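Below is one structure, written out as structure tokens; the observations come after it.
Remember, predicted model here, so these are calculated numbers, not experimental data.
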2 protein chains.
Amino acid sequence: MNIYDISEKAGVSIATVSRVLNGSSRVSPKTREHVLAVMAEQGYVPNAFARGLGLKSMKTIGLLCPNAGDPYLALAITYLERAFRANGYDCLLSCTGKARSDRVKGVELLLSKLVDGMVLMGSTFLEANESGNKYLQNAAKRVPLVMLNAAYACENVYCVVCDDYRATMEATQSLLDSGRKNILYLYHSRNASGQKKLAGYQAGLQSRGLPIRDDLIHFFAEDKMSVPAVRDFLLSLAHQGLTFDAVLSSEDILSVGAAKYARVSRRSVPESLSIIGYNNSSFALCCEPELTSVDNKLEVLCNACVSTMLSVLSGKDAPQKTVYHAELVKRGSTL
Amino acid sequence: MNIYDISEKAGVSIATVSRVLNGSSRVSPKTREHVLAVMAEQGYVPNAFARGLGLKSMKTIGLLCPNAGDPYLALAITYLERAFRANGYDCLLSCTGKARSDRVKGVELLLSKLVDGMVLMGSTFLEANESGNKYLQNAAKRVPLVMLNAAYACENVYCVVCDDYRATMEATQSLLDSGRKNILYLYHSRNASGQKKLAGYQAGLQSRGLPIRDDLIHFFAEDKMSVPAVRDFLLSLAHQGLTFDAVLSSEDILSVGAAKYARVSRRSVPESLSIIGYNNSSFALCCEPELTSVDNKLEVLCNACVSTMLSVLSGKDAPQKTVYHAELVKRGSTL
DNA sequence: CTCAACTTTGTAAACGCTTACGCAAATTAT
DNA sequence: ATAATTTGCGTAAGCGTTTACAAAGTTGAG
């Protein structure tokens with residue numbers, strides 16, 4: 001059952017059938033009705049493979065997400081999809097996992113489906129700057145790339161980022177200026193964004209004349225990214241005699257773990273321990289008192305991604321790099 | 001950049017290039033290496049639509065998710081994707097939003113991108129049973145549909161569910177059997193799964209000879225699904241004089257809200273108030289004490305979805321309905 | 001060396017659709 | 001009434017693959 005069968009049964013040419021399919025105006029209402037009737041009667045469904053071959057644009061944007069399980073990225077997906085849809089674009093999402101080969105596959109999968117552009121989420125993609133990672137350059141030759149929370153200078157690649165460095169620095173300064181001396185820094189990701197945050201923390205310390213102490217900086221791998229794991233880790237740190245009066249972290253959930261540590265070791269928040277989280281997610285509201293958290297304006301960033309993409313696709317030029325400032329949302333966990 | 005360009009640059013015919021693409025054995029190793037090298041160098045990605053025109057399958061599964069922002073569904077995405085990928089299938093995700101028109105669009109989008117099958121996540125899709133919702137039947141005529149956590153009897157539709165009714169009933173009974181009398185039931189979703197949970201709660205009460213009291217059953221809309229909102233709501237309930245000694249809910253986050261209510265009103269958990277959550281998500285570990293929660297075996301369910309889909313696609317027959325039992329994970333929030 | 005059998009590669013015809021182009025017929029303008 | 005324009009439709013040329021079939025090349029036995 002194809003367009004030829006329909007054209008024959010309807011007594012018209014395949015071009016007319018195709019025009020009916022595509023809602024072209026160059027068909028008389030009478031013919032249109034007739035062809036539609038025949039299609040309905042025959043239960044005809046156009047073959048999308050063939051369709052895609054002919055069309056140049058599918059009005060589809062590919063979203064590449066390294067980890068859909070991350071609530072922060074999941075939220076980004078929601079925002080991006082909503083905004084693209086509102087502008088007449090469908091989204092195709094490929095959640096690849098963090099391994100490089102998976103990401104390459106994800107990019108190729110989306111390209112093979114002829115997306116008009118791609119949004120790459122999360123700075124896991126940043127290693128494209130490294131030599132030998134040509135897959136992004138190649139992708140950029142075919143369609144515009146917009147990177148969310150990652151910076152990458154290349155033709156046809158556009159970046160939308162939040163200034164994590166400055167945000168973490170300001171959070172650190174805010175803790176110091178409220179009288180804290182020993183700020184524990186907990187982080188999860190060693191990617192570009194993670195490194196910027198860490199650098200911000202260090203810059204914050206130095207801006208107030210304090211040294212960078214390695215014993216205050218701790219990394220949490222994927223399997224340690226849970227509230228109990230962080231709680232237990234801080235308990236053991238305290239047990240070993242480490243003194244700290246504030247915790248700053250790169251993800252809210254780490255700070256929730258810190259809050260739980262405070263609870264079980266009967267340290268009052270914020271009097272005895274100040275805590276600041278990052279992302280201002282729903283985790284920040286789980287604690288008592290609620291967590292002060294860095295809001296990095298995810299929705300704003302996503303909307304910027306979309307408008308950048310739309311500009312590029314419509315031939316207008318767009319800024320290669322768009323930077324937003326994060327905002328420290330103060331709640332009960334800090335003085 | 002197409003197969004002709006590659007064939008030209010590699011000095012072979014398009015047939016040979018195609019054979020390399022498809023891993024055909026009828027190519028000499030030397031030629032294969034050479035062609036692969038040229039493809040890599042040129043960043044060539046085959047056009048999936050042209051491909052699909054010849055082959056009949058794109059080796060791609062569509063995942064339909066009503067809300068990627070929901071950590072529970074986000075986790076499901078991760079599990080599904082991992083398992084499909086391990087079996088040679090790519091995944092395409094469409095996060096539609098909950099509105100019916102969005103879901104219809106999502107289904108059509110995936111069909112138009114030529115997926116070999118679709119997994120529909122979350123029982124928001126259940127309303128397909130209602131009259132006039134033919135889009136699922138139509139989709140099922142084209143590709144097999146596997147529904148995760150939703151039941152729907154129809155040709156070419158397969159269901160994988162957890163027995164929410166029984167799980168909620170057992171959780172209720174467990175509370176009653178530990179001496180609780182007045183169990184507050186908080187729920188978010190009115191979809192099929194939500195109704196089963198509610199019915200399970202009611203059945204649990206009746207199995208112990210207790211009446212169903214409307215003043216103990218409370219619905220939380222999307223915008224009330226936050227810890228502070230639930231906390232405040234329970235505070236106001238208590239202020240109005242309602243007595244309750246346990247909280248059971250349809251989502252962990254609602255129970256976190258209950259825990260926070262307990263905290264601010266100085267009721268001890270579990271002595272004065274028992275709390276049970278649902279989904280056994282990371283939220284359950286945020287509280288002190290940690291929440292007892294119903295673990296509905298998401299990973300097991302997802303794997304069942306994948307193996308069901310693979311069976312159907314390979315022509316074997318698969319069970320129309322697969323049911324797993326949830327498990328009550330006891331932690332500190334219950335006696 | 002010859003011929004058969006097998007391996008490797010190439011040619012060309014689908015696959016089902018879109019669309020540029022062209023020609024009638026219908027409509028409007030002159 | 002004739003010319004100019006618009007409308008409706010058909011023809012045919014792609015779109016980028018796959019694959020049947022054919023051709024050419026290779027190997028080994030006689």
Side-chain angles (χ1 to χ4, degrees), chain A residues 1-39 42-60 108-116 138 141-143, chain B residues 1-39 42-60 90 108-109 111-116 142-143:
Chain A
M1 177 63 54
N2 59 25
I3 207 174
Y4 286 89
D5 298 317
I6 298 298
S7 78
E8 192 176 325
K9 291 198 201 292
V12 298
S13 74
I14 60 162
T16 299
V17 177
S18 175
R19 277 188 278 254
V20 170
L21 275 181
N22 290 286
S24 159
S25 57
R26 312 223 72 92
V27 184
S28 74
K30 207 179 68 178
T31 311
R32 175 188 308 281
E33 290 309 315
H34 180 221
V35 172
L36 284 174
V38 172
M39 292 200 291
Q42 301 288 319
Y44 167 74
V45 177
N47 180 321
F49 290 111
R51 207 132 195 241
L53 249 193
L55 266 16
K56 60 280 151 221
S57 161
M58 300 292 251
K59 283 281 199 176
T60 301
E108 288 182 353
L109 171 66
L110 291 176
L111 282 180
S112 78
K113 305 269 181 180
L114 304 182
V115 295
D116 298 314
N138 284 329
K141 281 178 196 148
R142 305 248 247 126
V143 299
Chain B
M1 177 64 55
N2 59 23
I3 207 174
Y4 285 89
D5 299 315
I6 299 298
S7 79
E8 191 176 326
K9 292 196 201 292
V12 297
S13 74
I14 60 162
T16 299
V17 177
S18 174
R19 277 188 278 257
V20 170
L21 272 183
N22 292 284
S24 158
S25 58
R26 306 253 69 110
V27 183
S28 75
K30 206 182 68 180
T31 311
R32 174 189 308 283
E33 291 310 314
H34 179 223
V35 172
L36 285 174
V38 172
M39 291 201 289
Q42 299 291 318
Y44 166 72
V45 176
N47 179 322
F49 291 92
R51 213 145 185 223
L53 208 47
L55 306 171
K56 286 308 176 193
S57 154
M58 301 253 277
K59 281 276 195 180
T60 302
D90 289 319
E108 285 175 359
L109 170 65
L111 282 178
S112 76
K113 306 295 175 189
L114 297 158
V115 297
D116 298 320
R142 304 235 254 141
V143 299

Tightest non-hydrogen contact, residues A:Ile6 and A:Tyr44, listed as CD1-CB, 3.7 Å

Atom CG of B:Leu21 and atom P of D:dT17 are separated, to the nearest Å, by 7 Å

Problem - Over 12 non-hydrogen atoms of neighbours within 6.0 angstrom of CD in A:Glu8 - result: no

Taken to the nearest whole Å, CG/A:Asn2 to P/C:dG16 is 5 Å

One should read off an interatomic distance between A:Lys141 NZ and A:Leu111 CG, to the nearest 0.5 angstrom, of 12.5 Å

Original post:
Taking the side chain as C-beta and beyond, is there a heavy-atom pair between A:Ile3 and A:Ser18 under 4.5 Å?
Top reply: yes

In B/S/- notation (B base, S sugar-phosphate only, - none; protein heavy atoms under 4.0 Å), nucleotides 20-27 of chain C written 5' to 3' is --------

Reckon A:Val17 touches a base, only the sugar-phosphate, or nothing at all at heavy-atom distances under 4.0 Å?
nothing

Between CD1 of B:Ile3 and C1' of D:dT19 the distance, given in whole Å, is 11 Å

Between CG of B:Asn22 and P of D:dA20 the distance, given in whole Å, is 12 Å

Shortest non-hydrogen pair, B:Asp5 vs B:Asn2, comes out as OD2-N, 2.9 Å

Note: B:Ala10 and B:Val38 closest approach over all heavy atoms is CB-CG2, 3.9 Å

Separation of C:dT7 atom C1' from B:Arg32 atom CZ, nearest Å, is 13 Å

Atom OH of A:Tyr4 and atom P of C:dA14 are separated, to the nearest Å, by 11 Å

| said: Whether B:Thr16 contacts C:dT8 is assessed here as follows: a side-chain N or O lying under 4.0 Å from the phosphate OP1 or OP2. Is that the case? | reply: no

If we only count heavy atoms from C-beta on, is the B:Leu36 to B:Met39 side-chain gap below 4.5 Å? yes

Out of C:dT18, D:dC9, D:dT17, minimum distance to the side chain of A:Thr31 belongs to D:dC9

With the side chain defined as heavy atoms from C-beta on, B:Ser13 is closest, among D:dT17, C:dC17, C:dG10, to C:dG10

A:Asp5 atom CG is separated from C:dC15 atom C1', nearest whole Å, by 14 Å

Whole-Å distance, A:Asn47 CG to C:dG16 P, equals 7 Å

By nearest-heavy-atom nucleotide on DNA chain D, the more 5' of A:Ile14 and A:Ser28 is A:Ser28

